[in-house]
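Following: one structure in structure tokens, then a few remarks.
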4 protein chains.
Amino acid sequence: MSISVGVLGATGLVGQRLLVRLENHPQFDVVAIAASEDRIGEPFEGSVPWRIDEPRPTSFDHLTFDKAAPGELTGDPPLVLSALPGSVATETEPAFAEAGVIVCSNASPLRMAEDVPLVIPEVNADHLSLIDEQRRSRGWDGAIIKNPNCMTTTIALPFAGLSDLGLDRATIVTMQAISGAGTGGVFGIDIVDNVLPDIPGEAPKLATEPRKLLGTVTAGQLTQHPISIDAACHRVPVLDGHFATCFVELDEAYPPSQVRAAIEGLEGVNLPSAPAQPITVIDEPRRPQPRIDRDLGAGMGVAVGPISVEQHRVSFSCLAHNTIRGAAGACLIAAEAAVDDGYLD
Amino acid sequence: MSISVGVLGATGLVGQRLLVRLENHPQFDVVAIAASEDRIGEPFEGSVPWRIDEPRPTSFDHLTFDKAAPGELTGDPPLVLSALPGSVATETEPAFAEAGVIVCSNASPLRMAEDVPLVIPEVNADHLSLIDEQRRSRGWDGAIIKNPNCMTTTIALPFAGLSDLGLDRATIVTMQAISGAGTGGVFGIDIVDNVLPDIPGEAPKLATEPRKLLGTVTAGQLTQHPISIDAACHRVPVLDGHFATCFVELDEAYPPSQVRAAIEGLEGVNLPSAPAQPITVIDEPRRPQPRIDRDLGAGMGVAVGPISVEQHRVSFSCLAHNTIRGAAGACLIAAEAAVDDGYLD
Amino acid sequence: MSISVGVLGATGLVGQRLLVRLENHPQFDVVAIAASEDRIGEPFEGSVPWRIDEPRPTSFDHLTFDKAAPGELTGDPPLVLSALPGSVATETEPAFAEAGVIVCSNASPLRMAEDVPLVIPEVNADHLSLIDEQRRSRGWDGAIIKNPNCMTTTIALPFAGLSDLGLDRATIVTMQAISGAGTGGVFGIDIVDNVLPDIPGEAPKLATEPRKLLGTVTAGQLTQHPISIDAACHRVPVLDGHFATCFVELDEAYPPSQVRAAIEGLEGVNLPSAPAQPITVIDEPRRPQPRIDRDLGAGMGVAVGPISVEQHRVSFSCLAHNTIRGAAGACLIAAEAAVDDGYLD
Amino acid sequence: MSISVGVLGATGLVGQRLLVRLENHPQFDVVAIAASEDRIGEPFEGSVPWRIDEPRPTSFDHLTFDKAAPGELTGDPPLVLSALPGSVATETEPAFAEAGVIVCSNASPLRMAEDVPLVIPEVNADHLSLIDEQRRSRGWDGAIIKNPNCMTTTIALPFAGLSDLGLDRATIVTMQAISGAGTGGVFGIDIVDNVLPDIPGEAPKLATEPRKLLGTVTAGQLTQHPISIDAACHRVPVLDGHFATCFVELDEAYPPSQVRAAIEGLEGVNLPSAPAQPITVIDEPRRPQPRIDRDLGAGMGVAVGPISVEQHRVSFSCLAHNTIRGAAGACLIAAEAAVDDGYLD
């Protein structure tokens, strides 16, 4: 069984990572790629400078760019994966959903909407059931499924592991990669030999998205997790790999072994692009490091460094590949989870 | 005596370097700053993110941005220093010259025009006499004076020293700083852990501008130097400081000591912003280095590494601060030379 | 009046910064420089690769390296400034103090000893009075004065400003420059495109040194400040400038204006190398940045970013030049404070 | 058939790359790893910080480090791959060869010896026949086979392609990666925001090794190629991937298409670790780039940028992964070529 797929925003860094992952995908068959107006009709081959460290897939050379609008995609695929910029996604994605298409999207708009599943399969695959509520309330035949912000995903996996122990509050300080801002998002002159504090709009996402991800869905109704999060976000001269140092307060004290087991024990899911083990704890003092650990689990693993536990206070560093685990791969496994739940049948 | 000056393109990296140098200048008094349409009327203070490693001058906080057009500059200054982008300079600079203003410009258009002086004061201050021809042929009361491309300037100083020995041909391979492309000219994702070959448009400038700089002006007529230059230009992950390795063939063989004396002996000029010694030869094997040597002579010196001489073949590396010696300072000393020659009287 | 000074550890990054600051110092006259055994007798000129971005001072070219031991320094200076590595300082510095020399030291050994002043002049110049106790208990004619760890200094200045409001606890996450590890302390292969978590030995210094710095000295007796500090330290691809994001809990809630006034209001001291204003609050969202702000106040200023206040919780970023404000300059103003207090009379 | 192999110098960057390539090798079975004295007896697992961006192989966790000396290696393998530092290789490698072991080595000593094959299989596999001469003259039962310097290999492949057109002289300017200097070979403080000219000892290797590689072996006698090479070598802030810009003078003029065909037409060899196509010409103006192109052909391909031809003058840029194609992989395919020629039978 092969499902036809369209890729929206196929020219950016996340789009390029998506296409690499879709080239030999066991379930999905790319029939359409869409880009901004000025590229419509151009062939995929030679159209856009290749910017990632994985080789350019050649299977899509026969495709030309379509307009990112329902009815405009070659082959009219029932599923689209969206790496659109937020400003474009706002109108485009609902239009596809209204037209009966399932949209799995990396874009931020609607992530916090009550009837839109914000999904990390290892954390809250059951939230996909919000689709029924979404279709009812919006009158759509299709649906919108979101993956979280790239930095949120990185911390949400270990937080999910800890959630059984009772999460009270957290302080998160991030060191984020340049690729997280998109192709032209960080100028070279601003980032070499430098740290840029305060990534615009990032800290609020880190404060709110985990509350939804760790929340519960009962009878189509979402209840957010009560965790309180302070975050400070920084851009550092790293190409790929978002790193965060987290200080977490649990509801009560636990022995270190139990805390570690809770984090590392987060179970994997049986989806084509999911890593066998979502979280790997590396007990070496100077790990994780972006350059060495970002490709863990083909870029889909989360690396956690040594875990320090003092009473109810837990601290650790964590790291994941921001355009794979945090974006392209995140979007892809959300789609795979939707397939698994029968939404593409 | 103080001459009123306007600065065109005051918000970019070169503009910021210019303003720093003009804050306490002994001859020039900044009365107007101009920027692109969307900033007109905005105050200098707080208008643009400061991006260079020298502190923002506060003397200009009372100024607001004017339109970069004759008649629009506050105080109607008789001299403007232009750090405009080439596309804007093409029309704007001649308009100022026609309106009677002396324009000293870092922009590339008209650099190779036969009646426009392309000037490095230590190399060819006498080319300023082309202004008379320029005024005659174009009917201007003002004039346009150009400084060369930032990379050209760096190699032109040692080449000028060598020109007495007879320059036949040269092969130049450059490693150029990010700031040379302007604020948004190089994306962070493209330059960290990378080398970008083939800077668009750069090699032809290196091949042609030195022929004009090293040429002679007789009776208002320019004769170019016959040197033949092959150049390959590369962007490297360096913030400031353009570096080049040069292989030069002289007309005949000279002893190493004479070659070295020819380079280091290039005489300085007596202008406020000119360095006491234009070229410093550093005889240490691993020099010059951008990070350590770019600020030589307050950013106006050119550093040359160990010089190798085999018969008529000479090779050496050289380095200068590209937005100071190569741009803002280059423009400024061209203006100072024009003052010295009486063009602002 | 000029005081003869010896510089111990004159070849490292901190030593080079010290020599630059001592070249035209109004009070100090460098008569001796000391280095490791293998350099003894070598001339300063040409001895060690110059590695910092300030020009090499030429005034010391006539000096040769002495052994770092009492009685071995040319001119037998009554004051030495020490940039020795910790392992060497352990024995060498007490030997000088016993021999009657005042040692101002950047090395970590003895920093936390009860009778050794750990001094930032703007914060706790009065701690110098511990010298009397030190001399009594150790039978020394000289003395040892310490400046804190480079990262500690950066956060201690704003913390000192806040201390009047009652400091309860703090969480500090640092992004520290490569130069903080010394010349060979961080390999290139480890730091380009990377973050190195867990700088060995650093977090404990951040947890303890501020307690001493903010403590009180009464009748020769030190009482530590009760603040509780959690710290996580990271090395980032930045050459100079230690950056930290701080979350501070005050004893009670204060209005934002009062918190800001407390930080920015920290008073300067009247010493030759002290900055006019120790702390500058920059209210721009993406500041401070190492590349742009590390040279504030000739490298002796501390830059603080926008301050966020929610009830008793305060958060902000801060930054200082680690080898100037955090090391060479820190050592130098401690010496200047000792002169001011008459210890060199 | 599986051949037992020992790896000498297994802890460095090249050693780590070798072990990754040997984990599932179809011909070789690692039975011994050797390291410096202080590690002997330590287990491979956890012994040395992992520093490369490929995952650490776990198949060798049961091995402990042996001394790098004949008779000391577990299992007494008939073949060793050597990533020893030059100073150690000088004595160690001949000792192994004398003891009957085939040594394939990345170390520089003996590379230019007349009876030691310096081999790139795609270029001069027939030079392996020098082994017979070597055994005769030195009385060895084993043999030493060398791969060239990492930068030499990168340029030698396109030069080999061009050699049919008659190579007269070349000027090569390199921009080399940090990993080429080994783990601690370039300090972080020296390379961030910098270029280091004049890599010690590198230019002479580039001038001489290609003459041997492109030379001919007849009846056990090597005749060097007469090409004359000028080289200038630079270290740049790139982790992996040596880049060079080459200006080549052919014996006569050729049409561009023929020049290009000569380069791209270099034939591959049928060895397990050899790339299907040794050279890929990328006709995009801003390629090759280290970050994007170094992993071409699993790190064993050489990328060549647009080729410029003017009469007999040819210029192009080229790039290869320095610790894979230039070192670990180079050593490995030399060993595979020796197997292919029956030297391990």
Side-chain angles (χ1 to χ4, degrees), chain C residues 9 11-17 20 48-54 56 83 85 150 175-200 233-243 289-292 294-295 321-324 326-328, chain D residues 9 11-17 20 48-54 56 83 85 150 175-200 233-243 289-292 294-295 321-324 326-328:
Chain C
T11 59
L13 298 178
V14 175
Q16 295 188 349
R17 294 282 184 198
V20 167
V48 182
W50 196 249
R51 284 195 150 92
I52 63 171
D53 57 5
E54 299 177 294
R56 196 177 73 85
C150 46
M175 292 160 229
Q176 300 184 224
I178 299 167
S179 60
T183 301
V186 176
F187 297 152
I189 197 74
D190 286 336
I191 197 63
V192 171
D193 186 22
N194 210 12
V195 168
L196 294 173
D198 191 23
I199 300 175
C233 299
H234 308 79
R235 192 78 64 192
V236 292
V238 165
L239 288 164
D240 292 306
H242 279 1
F243 178 101
Q289 295 173 21
R291 188 176 66 84
I292 292 184
R294 62 192 167 204
D295 290 326
H321 196 299
N322 55 300
T323 59
I324 304 178
Chain D
T11 59
L13 298 178
V14 175
Q16 296 189 351
R17 294 282 183 198
V20 168
V48 182
W50 196 249
R51 282 195 152 94
I52 63 172
D53 58 4
E54 299 178 293
R56 196 176 73 83
C150 45
M175 292 159 230
Q176 299 184 224
I178 299 167
S179 59
T183 301
V186 177
F187 298 153
I189 198 76
D190 286 336
I191 197 64
V192 171
D193 187 22
N194 210 11
V195 168
L196 294 172
D198 191 23
I199 300 175
C233 299
H234 308 80
R235 192 76 66 192
V236 292
V238 165
L239 288 164
D240 292 307
H242 280 359
F243 177 102
Q289 296 174 21
R291 187 176 66 83
I292 292 184
R294 62 191 167 206
D295 290 326
H321 196 298
N322 55 301
T323 59
I324 302 177

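Chain identifiers are assigned alphabetically (A, B, ...) following the order of the sequence lines, protein sequences preceding nucleic acid strands; residue numbering begins at 1 within each chain.
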(message) Strictly less than 4.5 Å between heavy atoms, which residues of residues 179-186 of chain D line up against chain C? Please order them by number.
(response)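 Heavy-atom contacts from residues 179-186 of chain D to chain C are D:Ser179, D:Thr183, D:Gly184, D:Val186.
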Provide the closest heavy-atom pair for [X] versus [Y] in the form atom of the first, atom of the second, distance.
X: D:His242; Y: D:Arg235; result: CE1-NH1, 4.2 Å
X: D:Ala83; Y: D:Gly9; result: CB-O, 3.7 Å
X: C:Gln16; Y: C:Thr11; result: NE2-O, 3.5 Å

(request) Flag the one option from C:Asp190, C:Val238, C:Ile191, C:Asp193 with the top tally of heavy-atom pairs under 4.5 Å to chain D. (result) C:Asp190
(message) I'd like to know which of C:Ala177, C:Gly188, C:Pro237 tops the heavy-atom pair count under 4.5 Å against chain D.
(response)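 Maximum pair count with chain D is reached by C:Gly188.
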(message) Measuring from atom CD1 of D:Ile324 to atom CD of D:Glu54, what distance do you get when rounded to the nearest 0.5 angstrom?
(response)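 The distance works out to 5.0 Å.
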(request) Would you confirm whether D:Gln176, through its side chain, and D:Cys233, through its main-chain N or O, come within 3.5 Å as a donor-acceptor pair? (result)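 Judged by distance alone, no pair lies under 3.5 Å.
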(message) Need one label for D:Ile189: side chain, backbone, both or neither, based on atoms under 4.5 Å from any heavy atom in chain C.
(response)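 Both backbone and side chain.
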(message) Using a 4.5 angstrom heavy-atom cutoff, name the option from D:Leu13, D:Val192, D:Asn194 with the most pairs to chain C.
(response) D:Val192
(request) Go through the structure and list residues passing side-chain contact (heavy atoms from CB on, under 4.5 Å) with C:Ala328, not counting sequence neighbours. (result) C:Val14, C:Arg17, C:Leu18
(message) Is C:Leu239 close to chain D through its backbone or its side chain, or both, or neither, when contacts mean heavy atoms under 4.5 Å?
(response)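 C:Leu239 touches chain D through backbone and side-chain heavy atoms alike.
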(message) Is C:Ile52 close to chain D through its backbone or its side chain, or both, or neither, when contacts mean heavy atoms under 4.5 Å?
(response)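 Neither the backbone nor the side chain of C:Ile52 comes within 4.5 Å of chain D.
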